[in-house]
Amino acid sequence: MAGTTTGRRERKKALTRQALTDAAVRLFTERGFDNVGVREVAEAADVSLSTLFKHFPSKEALVFDLDADIESALVAAVRDRAPGQTVLHALRDHMVHTRTRVRTDDPTFVLVESTPALRDYARRMWSRHEKTLAAALAEATGLAPDAPAVTGLARFTLEAPGIARASDDPARAMRDLFTLLEHGWATTPLARQEGRPGQDGCPRPDAASR
């Protein structure tokens with residue numbers, strides 16, 4: 001019985017959070033983030049202002065309902081990876097499956113990209129996720145949390161979606177980025193082109209010496 005009650009309570013919380021997020025995105029999109037107050041969002045979601053702040057600590061947080069879930073999933077991708085799978089491949093697969101489906105015409109994405117306060121909040125959020133991911137990588141590999149390999153992989157993982165999203169095939173672009181990280185610049189077509197005479201500053205043979 002206790003489990004049923006707890007489950008019902010959690011579902012109610014989830015529905016309330018979703019209602020608040022939906023109302024916030026709709027109002028912010030229609031009228032602009034700076035022109036809507038949190039009280040209006042609460043009223044639109046049919047909850048009290050105090051209930052709103054129980055779920056979201058700030059106005060900006062209303063747009064990022066999945067913040068905690070995203071962070072937990074990043075950590076789980078490392079800790080719960082398949083036996084024998086490297087942390088690099090685990091993160092690659094996770095990012096392909098979760099971050100390449102974000103549409104650039106999604107109302108929430110457009111809202112965040114067009115609102116300085118929300119872009120700043122998103123940057124701070126991703127920075128927090130980066131530190132949490134780095135801690136999980138350190139635990140999984142035995143390296144220090146501030147080791148370049150750890151902090152570099154954490155930073156790369158969270159920055160890669162921004163690059164992949166601009167591609168016509170984000171999933172393929174994400175895989176290509178992780179392949180580049182795994183195998184290095186020397187394996188890329190650009191690196192092979194650099195080795196050709198006369199390219200990128202490489203000296204051409206002197207005709208007079210031939």
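More than 12 heavy-atom neighbours from other residues, nucleotides or ligands sit within 6.0 angstrom of CZ on Arg119. No more than 12 heavy-atom neighbours from other residues, nucleotides or ligands sit within 6.0 angstrom of CG on Asp46. For Arg31, the CZ atom sits in a packed shell: over 12 heavy atoms of surrounding residues, nucleotides or ligands are nearer than 6.0 Å. Within a 6.0 Å radius of CZ in Arg155, other residues, nucleotides and ligands contribute 12 heavy atoms or fewer.
Here the side chains of His89 and Phe178 are not in contact, with every heavy-atom distance at 4.5 Å or above. Side-chain contact check for Leu49 versus Glu43: every heavy-atom pair is 4.5 Å or farther apart. Between Glu159 and Trp126 the shortest side-chain heavy-atom distance does not fall below 4.5 Å. Side chains of Arg8 and Lys12 form no contact here, defined as non-hydrogen atoms less than 4.5 Å apart. Glu10 is listed as a side-chain neighbour of Lys13, based on a closest heavy-atom distance under 4.5 Å.
Atoms CD and CG, on Gln18 and Asp22 in that order, are 4.5 Å from each other to the nearest 0.5 Å. Annotation: the span from Phe156 atom CZ to Met95 atom CE amounts to 9.5 Å, rounded to 0.5 Å. Residue Glu40 holds its CD atom at 9.0 Å from CG of Asn35, rounded to the nearest 0.5 Å. For the atom pair CZ (Arg17) and CG (Leu52), the distance works out to 10.0 Å, reported to the nearest 0.5 Å. Here the CE atom belonging to Met174 is positioned 9.5 Å from the NE2 atom belonging to His94, to the nearest 0.5 angstrom. Distance check: Met125 CE to Leu158 CG gives 9.5 Å after rounding to the nearest 0.5 Å.
Here Ala45 pairs with Ala19, Leu20, Ala23, Val47 under the side chain to side chain contact (heavy atoms under 4.5 Å, CB included) rule; sequence neighbours left out. Qualifying ring pair (Phe, Tyr, Trp, His ring centres under 6.0 Å) partners for Tyr121, counting only residues two or more places apart in sequence or in other chains: Phe64.
Judged by distance alone, with hydrogens and angles left aside, the side-chain atoms of Lys59 form a donor-acceptor pair with the main-chain N or O of Phe33 at under 3.5 Å. Looking only at distances, no side-chain donor or acceptor of Ser127 sits under 3.5 Å from a matching main-chain atom of Arg123.
Of the residues listed (Leu118, Thr115, Thr21), the one engaging Val63 in a side-chain contact (heavy atoms from CB on, under 4.5 Å) is Leu118, and it is the only one. Exactly one of Val75, Leu91, Leu143, Thr157 qualifies for a side-chain contact (heavy atoms from CB on, under 4.5 Å) with Leu137. That residue is Leu91. When the options Leu111, Val110, Asp106 are evaluated for a side-chain contact (heavy atoms from CB on, under 4.5 Å) with Thr108, the one that passes is Asp106.
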